[in-house]
Amino acid sequence: MSGPILSVRGIERSFGGIRAVRGVSFDVQKGEILGLIGPNGSGKSTLFNCILGQLSPDAGDVSINGRKVSRMRASDLNKLGVGRTFQQLSVFPKMSVIDNVILAGQEHHGTMLSRLFGPSDAGLAEDADRMISFFRLTHLRDQLAGSLSYGQQKLVDAAMAFMAGPSLVLLDEPAGGVNLTMLASLKERLVAYNAEHGTTFVVIEHNMEFVMSLCTRVIVLAEGAIIAEGTPDEIRSNQTVIDAYLGG
Ligand SMILES: Nc1ncnc2c1ncn2[C@@H]1O[C@H](COP(=O)(O)OP(=O)(O)OP(=O)(O)O)[C@@H](O)[C@H]1O
Ligand SMILES: [Mg+2]
């Protein structure tokens, strides 16, 4: 199949009187790293939540590989190879790094019954160790996740999202609150993952340097609608985009 991996059509979502997302449509091609930017409150996270079944849109459709998934539960989307990270950290602070990553893997494997009575998690533990190593966290493997720096926890979060071997991952502010060293490491690892696995990313981020150097294409939201779309260079010099940020 050569169509888009993700197709979003006419998504609308209001909260009371607030029209958070107003008829957003776009496609994402396989292997792309697409940036989704926009001022605070422009509807980015709401759009992600509508795409991923955490919120049901008031109108519109979402297709993955040409198959309509609108109103599908997040857990079923996982099985279709779609992963995500949240704006807020979703690691369990009182569990070790390795246990967090194994647990994320378990969520993608079979039913509760097969987990309780099935074979041991040896394979999963190996996968988790490989993922931890990929994100260069092996030295922190047995530490409590809550004892890590914020940036390191963001890397654990990413490792968790990738445990399902997704073909599409939506990342909501992966670099938010992350220091410069960890930022460079996160970007380099995402690029490497994309190159090795052909995984498609859609990345919400406020850090322009990060977005512009990571993404091949950027979509800009303002007040719930797409106001611009193009390469990082086109977006950087787009007057409508500059005005949206300055006026926001
Ligand atoms: N659960 C909710 N209930 C009510 N209003 C909401 C809810 N979620 C979002 N909103 C409102 O919808 C609008 C879009 O919010 P959203 O979180 O999608 O923006 P965002 O682009 O992700 O912002 P940020 O960059 O600050 O994360 C805002 O006006 C916000 O206050
Ligand atoms: Mg947000």
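When reading the values below, keep in mind they use all heavy atoms of this one structure, side chains included, and skip hydrogens, waters and symmetry mates. Order of appearance sets the numbers: ligands from 1, and atoms from 1 within every ligand.
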What is the total of protein N/O/S atoms that are closer to the Mg ion (ligand 2) than 2.8 Å? 2
Hey, which atoms in ligand 1 end up nearer than 4.0 Å to a heavy atom of Gln87? 27 (O)
Around atom 9 (C) of ligand 1, find the nearest protein heavy atom and jot down its residue, atom name and distance. Phe15 CE1, 3.5 Å
So which heavy atom in the protein is nearest atom 26 (O) of ligand 1, and how far is it from that ligand atom? Asn40 ND2, 2.8 Å
What's the shortest distance from atom 17 (O) of ligand 1 to any protein heavy atom, and which residue and atom give it? Ser45 CB, 3.9 Å
State, to 0.1 Å, how close Ala128 and Ile102 come at their nearest heavy-atom pair, and which atoms those are. CB-CG1, 3.6 Å
Using distance alone, with no hydrogens and no angle criterion, decide if Arg84 and Asn49 have a side-chain donor and acceptor under 3.5 Å apart. yes
Looking at Glu223 and Arg22, is there a salt bridge between them, counting it only when a charged N and a carboxylate O are closer than 4.0 Å? no
Measure from NZ or CZ of Arg189 to the centre of the six-membered ring of Tyr193, then state whether that distance is under 6.0 Å and the direction lies within 45° of the axis. no
Can you confirm whether some protein heavy atom lies under 4.0 Å from atom 13 (C) of ligand 1, or whether none does? yes
Near Thr46, which atoms of ligand 1 are under 4.0 Å from a heavy atom of that residue? 9 (C), 14 (C), 15 (O), 16 (P), 18 (O)
Decide if the gap between the ring center of Phe86 and the ring center of Phe48 is smaller than 6.0 angstrom. no
If we count only non-hydrogen protein atoms and require a distance under 4.0 Å, does atom 21 (O) of ligand 1 qualify as touching the protein? yes
For a quick test of reading the model, state the closest non-hydrogen atom pair linking Ala228 to Val241 and the distance between them. CB-CG2, 3.5 Å
N/O donor-acceptor pair under 3.5 Å between Ser213 side chain and Glu209 backbone: yes
Which heavy-atom pair separates Ser185 from Leu155 by the least distance, and what is that distance? OG-CD1, 4.2 Å
Is there a path of hydrophobic side-chain contacts, each under 4.5 Å between heavy atoms of I, L, V, M, F, W or Y residues, that connects Phe135 with Val191? yes
Numbered atoms of ligand 1 (with element) below 4.0 Å of Glu173, judged on heavy atoms: 25 (O), 27 (O)
Counting non-hydrogen protein atoms only, what is the nearest one to atom 29 (O) of ligand 1? Give residue, atom name and distance. Ile18 CG2, 3.8 Å
Under a plain distance cut-off of 3.5 Å, with no hydrogens placed, do Ser45 and Asp172 share a side-chain donor-acceptor pair? yes
Please check if any side-chain donor atom of Ser90 sits under 3.5 Å from a side-chain acceptor atom of Asp157, or the reverse. yes
Say whether Gly43, considering both its backbone and side-chain N or O atoms, lies within less than 3.5 Å of an N or O atom on ligand 1. yes
Contact check, Ser42 vs ligand 1, heavy-atom distance below 4.0 Å: yes
Report yes if Gly41 has an N/O atom closer than 3.5 Å to an N/O atom of ligand 1; otherwise report no. yes
Closest non-hydrogen atoms of Tyr245 and Gly38, given as atom of the first, atom of the second and distance, are OH-N, 2.8 Å
